[in-house]
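What follows is a short report on a single structure.
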Amino acid sequence: MLNVAIVGPGLVGSALIEQLVAHSRSPRFASLPIAVVGIINSKKMAVSSTPFAVGDLGEWKSRILGDSASAADLGQFADQVSALKGPTAVVDCTSSDTVAELYPHWLSKGLHVVTPNKKAFSGDISLFRKIQELTTPQGPSVYHEATVGAGLPVLSTLNDLVRTGDKIIKIEGIFSGTLSYLFNNFSVPGATQKFSECVSVAKASGYTEPDPRDDLNGMDVARKVTILGRVAGQDLALDTLPVENIVPDALRSVSSADEFMSRLPEFDEHFKKLNDEALASGSVLRYVGMVDGVGGQSSVKLARYPLDHPFASLKGSDNIIAFTTERFSNPLIVQGAGAGAAVTAFGIFADLIKACERFGVSS
């Protein structure tokens with residue numbers, strides 16, 4: 001059995017628990033035994049030598065992390081789950097730098113790591129390299145498909161291309177569901193909404209971060225581009241990657257999201273001019289990240305694409321990633337929902353299955 005210990009059971013972690021509960025009730029469980037044995041949040045933790053009961057997992061907040069739970073301590077949590085019988089995967093569902101820095105310690109204790117947390121793979125490259133050094137074919141492993149594109153097969157596709165010896169020429173994509181939604185609605189022929197109105201609708205619909213500047217500054221896309229570049233063999237870093245911040249200069253330092261939203265209409269003409277110029281040239285605006293596998297000119301920026309380009313016809317908040325390689329001169333395209341708790345949890349679950357299969361885990 002593959003033991004699963006979940007760190008940070010928020011929206012994504014809760015969705016993963018739901019999927020694992022459903023899995024435990026399915027015929028698939030006999031050949032892919034994966035069970036939750038540990039949960040820790042910022043206040044409490046619980047570890048069991050046997051899988052938590054399905055009924056308890058359905059009410060984990062009260063039944064597992066209730067009054068009988070211990071005070072949260074990540075060090076003790078790792079010690080306890082590493083002492084369990086059988087292979088154990090720690091699933092980090094946080095977005096914490098501090099937790100990401102613990103991966104080498106977890107790996108050294110024989111724990112596998114599965115995570116959607118981008119920090120370890122896009123931050124200090126020395127941490128990324130340390131994780132690579134500690135990951136061995138027969139020993140502990142790291143799976144992070146969900147760091148780029150949530151449940152979309154983006155990193156697995158890239159890994160397959162690299163491992164089969166294909167040459168990566170370019171990886172280009174719309175990696176932000178928020179920015180996809182904004183420009184798919186703002187920059188299309190016949191659209192009438194102002195940019196600030198599009199942002200307001202996106203915020204009200206839950207597509208943006210509480211402060212939309214955290215989407216518009218491009219850093220989330222930059223982290224994903226950095227991860228892709230590193231998996232492709234490049235030493236990309238956030239501090240050297242050119243990133244276009246589309247938050248107007250005057251609004252970058254305002255004190256609150258509310259003030260930002262109230263003043264954003266002042267800059268509607270700026271965005272209208274950019275859009276009008278694009279449309280006049282038969283193009284649309286899309287916010288795109290690009291890994292340049294040949295010329296070393298990787299970037300994150302607002303760019304124009306002709307109306308017949310796949311990026312121009314994207315709908316809703318979908319992600320789209322195009323791999324141009326020596327073998328795939330006509331790009332290999334991955335497209336679909338790249339955000340949301342359910343699809344992110346799916347990506348984590350799929351990685352857990354890979355770990356289960358790789359190490360021949362049986363019930």
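Here the structure is a predicted model, which means the values were calculated and not measured.
For the pair Val113/Thr135, no side-chain contact is recorded, criterion being any heavy-atom separation below 4.5 Å from C-beta on. Looking at Val90 and Val114, their side chains never come closer than 4.5 Å, going by heavy atoms from C-beta outward. Within the 4.5 Å cutoff, no side-chain heavy atoms of Lys61 are placed close to those of Leu65. Side-chain contact check for Arg213 versus Asn217: every heavy-atom pair is 4.5 Å or farther apart. At least one side-chain heavy atom of Gln80 sits less than 4.5 Å from a side-chain heavy atom of Met45. Between Trp60 and Asp56, every side-chain heavy-atom pair lies at or beyond the 4.5 Å cut-off. The shortest distance between side-chain heavy atoms of Val91 and Cys93 falls below 4.5 Å. Considering only heavy atoms from C-beta on, Ile34 comes within 4.5 Å of Val4 through its side chain.
Rounded to the nearest 0.5 angstrom, Asp166 CG and Thr325 OG1 are separated by 3.5 Å. For the atom pair CZ of Phe175 and OG of Ser180, the computed distance is 12.0 Å after rounding to the nearest 0.5 Å. Rounding to the nearest 0.5 Å places CG of Asn275 at 4.5 Å from CG of Leu279. Taken to the nearest 0.5 Å, the CE atom of Met261 stands 9.5 Å off from the CG atom of Asp211. Atom CZ of Arg304 sits about 7.5 Å away from atom CG of Leu285, to the nearest 0.5 Å.
Pairing each heavy atom of Val81 with each of Ala5, the nearest pair is CG1-CB, 3.8 Å. In terms of heavy-atom proximity, Val12 sits nearest to Ala341 at CG2-CA, 4.1 Å. Pro212 and Phe260 get closest at one heavy-atom pair: CB-CE2, 4.0 Å. Across all non-hydrogen atoms, the minimal contact from Ser255 to Glu259 is OG-OE1, 3.2 Å. Residue Thr147 comes nearest to Lys224 through the heavy atom pair O-CG, 3.8 Å, listed as atom of the first residue, atom of the second, then distance.
For the side chain to side chain donor-acceptor pair (under 3.5 Å) condition, the pairs that include at least one residue of residues 189-203, sequence neighbours left out, are Ser196-Asp268. Applying the side chain to side chain donor-acceptor pair (under 3.5 Å) test to residues at least two apart or on different chains, the pairs with a partner in residues 106-115 are Asp79-Lys109, Tyr103-Thr115, His112-Ser141.
Applying the 6.0 Å contact sphere to CG of Leu307 captures more than 12 heavy atoms from other residues, nucleotides or ligands. Within 6.0 Å of atom NZ in Lys354, more than 12 heavy atoms from other residues, nucleotides or ligands are found, so the atom counts as buried in its surroundings. A 6.0 Å sphere centred on CZ of Phe346 holds no more than 12 heavy atoms belonging to other residues, nucleotides or ligands.
In this view, Arg230 satisfies the side chain to side chain donor-acceptor pair (under 3.5 Å) rule with no residue, not counting sequence neighbours. Remark: Thr324 engages Ile169, Lys170, Pro331 in a side-chain contact (heavy atoms from CB on, under 4.5 Å) (not counting sequence neighbours). The side-chain contact (heavy atoms from CB on, under 4.5 Å) test applied to Lys119 returns Asp97, Ala100, Asn117, Arg223, not counting sequence neighbours. Under the side chain to side chain donor-acceptor pair (under 3.5 Å) criterion, Asn319 pairs with no residue at all, not counting sequence neighbours. Phe121 is linked by a ring-ring contact (aromatic ring centres under 6.0 Å, His included) to His144, counting only residues two or more places apart in sequence or in another chain. A search for side chain to side chain donor-acceptor pair (under 3.5 Å) contacts involving Ser70 returns nothing, not counting sequence neighbours. With sequence neighbours left out, Tyr287 forms a ring-ring contact (aromatic ring centres under 6.0 Å, His included) with no residue at all. In terms of the side chain to side chain donor-acceptor pair (under 3.5 Å) criterion, Tyr207 has no residue partners (sequence neighbours excluded).
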Using the salt bridge (charged side-chain N to carboxylate O under 4.0 Å, His left out) rule, take Arg263 and Glu266 through it: C-alpha gap first, then chi angles, then the decisive distance, then the call. CA-CA 6 Å; Arg263 291 190 56 193; Glu266 298 172 18; 3.3 Å; yes

With side chain to side chain donor-acceptor pair (under 3.5 Å) as the criterion, how do Asp92 and Thr94 come out once you've worked through the C-alpha distance, each side chain's angles and the decisive distance to 0.1 Å? CA-CA 6 Å; Asp92 173 20; Thr94 75; 2.7 Å; yes

Please evaluate residues Val201 and Tyr181 with respect to the criterion side chain to side chain contact (heavy atoms under 4.5 Å, CB included), reporting the C-alpha separation (whole Å), side-chain torsions for both, the decisive distance (0.1 Å), and the verdict. CA-CA 10 Å; Val201 171; Tyr181 176 86; 3.3 Å; yes

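Leu102 and Ile40 fall within a single hydrophobic cluster, where Ile, Leu, Val, Met, Phe, Trp and Tyr side chains are chained together by heavy-atom contacts under 4.5 Å. A continuous path of hydrophobic side-chain contacts links Leu182 to Leu274 [ILVMFWY only; heavy atoms under 4.5 Å]. Both Leu352 and Ile39 are members of a single hydrophobic cluster when ILVMFWY side chains are connected at heavy-atom separations under 4.5 Å. Ile348 and Val231 fall into different hydrophobic clusters, where Ile, Leu, Val, Met, Phe, Trp and Tyr side chains are chained together by heavy-atom contacts under 4.5 Å.
Phe349 has its ring centre less than 6.0 Å from the ring centre of His23.
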Which side-chain N or O atoms in residues 235-253 pair as donor and acceptor under 3.5 Å with protein atoms at least two apart or in another chain?
residue: Asp235; atom: OD1; partner: Arg129; partner atom: NH2; Å: 3.4
residue: Asp235; atom: OD2; partner: Arg129; partner atom: NH2; Å: 2.9
residue: Thr240; atom: OG1; partner: Ala237; partner atom: O; Å: 3.3
residue: Glu244; atom: OE1; partner: Leu302; partner atom: N; Å: 2.9
residue: Asn245; atom: OD1; partner: Val247; partner atom: N; Å: 2.9
residue: Asp249; atom: OD1; partner: Arg252; partner atom: NE; Å: 3.4
residue: Asp249; atom: OD1; partner: Arg252; partner atom: NH1; Å: 3.2
residue: Asp249; atom: OD1; partner: Arg252; partner atom: NH2; Å: 3.1
residue: Arg252; atom: NE; partner: Val247; partner atom: O; Å: 2.7
residue: Arg252; atom: NH2; partner: Asn245; partner atom: O; Å: 2.9
residue: Arg252; atom: NH2; partner: Val247; partner atom: O; Å: 3.1

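The other members of the hydrophobic cluster of Ile174, by chain and number, are Val288, Tyr305, Phe311, Leu314, Ile320, Ile333 (side-chain heavy atoms under 4.5 Å, ILVMFWY only).
Checked for salt-bridge contact, Lys273 and Glu277 meet the test: a charged N lies under 4.0 Å from a carboxylate O.
With no hydrogens or angles considered, no side-chain donor-acceptor pair links Asp258 and Ser256 at under 3.5 Å.
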